[in-house]
Engineer: 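Quick one: the structure is below, questions incoming.
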Amino acid sequence: MRELPVVVTQRRNTSQRAVITSVLAGTDEFLSAQDLHAALRASGSTVGLATVYRALQEMAGTGDLDAVRNETGEVLYRQCAQPAHHHHLVCRSCGLTQEVAAPGVEKWARAVAEQYGYVELDHQVELFGLCASCAAKR
C-alpha cells in the first residue's frame, strides 16, 4: 500500500486577521460580523465586510474564536477566556455572557450519541435569559 503525503495547511496571519483580532481582544462581548465591521470602519480600517465574514468563519472553525447564535439566529463572535470546551449563559437584554462548564450536559450528550450510534460528537450549548442586573431593573 502506498503512503500518501501529509499536507499541512497553515493559516495566513494577514493584516485583516490582525485588526479583527485586535478589536475582538478589546471586548468581552460577542459581536456580529456587521458590528465588528462597523468598529473597524470607525477606526479607519478599509477591511471589507465579506473579508470580515470569511475571517470570522475561518477563525471560529479553527477554534480561535467562539461563535454563538443569538435568539434571532445571527452568529456572534468573541475571543473566549477558556480555551477548553465550554458553554455560555447569554443575557438577552444586555449581552453579558458567562462561560460555564456543564459536566451534566457533556454526560447527556455522550449518552444520546451512544444510544443512536453516533461518533466524533461535537455540540454547542447557549442558554439565553436575563442576567441578575437586567432582571433587577424590570
Side-chain angles (χ1 to χ4, degrees):
M1 182 183 276
R2 195 176 112 208
E3 196 169 311
L4 296 175
V6 175
V7 177
V8 177
T9 6
Q10 287 189 321
R11 290 177 291 204
R12 293 179 7 195
N13 287 323
T14 64
S15 60
Q16 293 93 340
R17 281 178 62 105
V19 294
I20 289 168
T21 300
S22 175
V23 170
L24 289 173
T27 183
D28 289 333
E29 295 183 23
F30 280 89
L31 297 175
S32 69
Q34 292 183 358
D35 290 340
L36 179 61
H37 181 252
L40 290 169
R41 299 293 288 188
S43 70
S45 173
T46 59
V47 176
L49 182 58
T51 299
V52 169
Y53 273 105
R54 277 193 305 275
L56 290 172
Q57 288 173 345
E58 190 238 319
M59 293 166 76
T62 58
D64 293 333
L65 300 178
D66 237 355
V68 299
R69 286 194 185 275
N70 65 16
E71 290 182 315
T72 64
E74 183 178 30
V75 180
L76 307 175
Y77 300 90
R78 177 178 86 164
Q79 286 184 326
C80 279
Q82 294 184 33
H85 178 75
H86 58 275
H87 304 285
H88 301 97
L89 286 166
V90 182
C91 179
R92 65 176 165 252
S93 179
C94 72
L96 175 69
T97 303
Q98 302 285 320
E99 297 178 6
V100 295
V105 170
E106 305 306 324
K107 183 178 178 182
W108 171 82
R110 284 190 303 274
V112 169
E114 186 178 310
Q115 177 184 353
Y116 290 95
Y118 280 65
V119 297
E120 298 183 25
L121 183 66
D122 190 17
H123 65 276
Q124 295 178 358
V125 175
E126 284 84 45
L127 302 171
F128 294 90
L130 292 177
C131 69
S133 178
C134 289
K137 291 176 186 174
R138 286 192 168 207

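Along the sequence shown, residues are numbered consecutively beginning with 1.
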Engineer: Atom CD of Q79 and atom CD1 of I20: how far apart are they, to the nearest 0.5 Å?
Structural biologist: 11.0 Å

Engineer: With rounding to the nearest 0.5 Å, note down the distance linking OH in Y53 to OG in S32.
Structural biologist: 6.5 Å

Engineer: Taking V125 as the starting point, is it possible to reach L89 by hopping between hydrophobic residues whose side chains are less than 4.5 Å apart?
Structural biologist: yes

Engineer: Say you draw a straight line from NE2 of H37 to CG of D35; how long is it, rounded to the nearest 0.5 Å?
Structural biologist: 11.5 Å

Engineer: Quick one: do F30 and L96 end up in the same hydrophobic cluster if we chain Ile, Leu, Val, Met, Phe, Trp and Tyr together by side-chain heavy atoms under 4.5 Å apart?
Structural biologist: no

Engineer: Quick check: closest heavy atoms across Q124 and H87, and the distance to 0.1 Å?
Structural biologist: C-ND1, 4.3 Å

Engineer: Are any of the side-chain heavy atoms of L121 and V112 separated by less than 4.5 Å?
Structural biologist: no

Engineer: State, yes or no, whether a side-chain contact exists between P103 and K107 at a heavy-atom distance under 4.5 Å.
Structural biologist: no

Engineer: For a quick check under 3.5 Å, do Q98 and H86 share a side-chain donor-acceptor pair by atom type?
Structural biologist: no

Engineer: Inspect the surroundings of OH in Y118 and state if more than 12 heavy atoms from other residues, nucleotides or ligands are less than 6.0 Å away.
Structural biologist: no

Engineer: Might you point out which heavy atoms bring E126 and A67 nearest each other, and give the distance in Å?
Structural biologist: OE2-O, 4.3 Å

Engineer: Are S133 and C94 side-chain neighbours, meaning at least one heavy-atom pair lies under 4.5 Å?
Structural biologist: no

Engineer: With hydrophobic residues grouped by side-chain heavy-atom distances under 4.5 Å, do L65 and V19 end up in a single group?
Structural biologist: yes

Engineer: What distance separates C91 SG from L127 CG, expressed to the nearest 0.5 Å?
Structural biologist: 13.0 Å

Engineer: Taking C-beta and beyond as the side chain, do Y77 and Q57 meet within less than 4.5 Å on heavy atoms?
Structural biologist: yes

Engineer: Give a yes or no on this: more than 12 heavy atoms of other residues, nucleotides or ligands lie within 6.0 Å of atom CD of E114.
Structural biologist: no

Engineer: Report all side-chain donor-acceptor pairs from residues 40-52 shorter than 3.5 Å, counting only partners two or more places apart or in another chain.
Structural biologist:
from : atom 1 : to  : atom 2 : distance (Å)
S43  : OG     : L40 : O      : 2.8
S45  : OG     : V47 : N      : 3.2
T51  : OG1    : R54 : NH2    : 3.3

Engineer: Could you report the tightest heavy-atom contact between V100 and H88, atom names first, then the distance?
Structural biologist: CG2-N, 4.2 Å

Engineer: Side chains of R78 and L31: does their closest heavy-atom pair fall under 4.5 Å?
Structural biologist: no

Engineer: If I take atom CG from residue D66 and atom CG from residue L76, how far apart are they, to the nearest 0.5 angstrom?
Structural biologist: 11.0 Å

Engineer: Any chance you could lay out the side chain to side chain contact (heavy atoms under 4.5 Å, CB included) test for T21 and D64, step after step, and finish with the verdict?
Structural biologist: CA-CA 9 Å; T21 300; D64 293 333; over 6 Å; no

Engineer: Would you compute the distance between atom CD of E29 and atom OG1 of T27 and round it to the nearest 0.5 angstrom?
Structural biologist: 4.5 Å

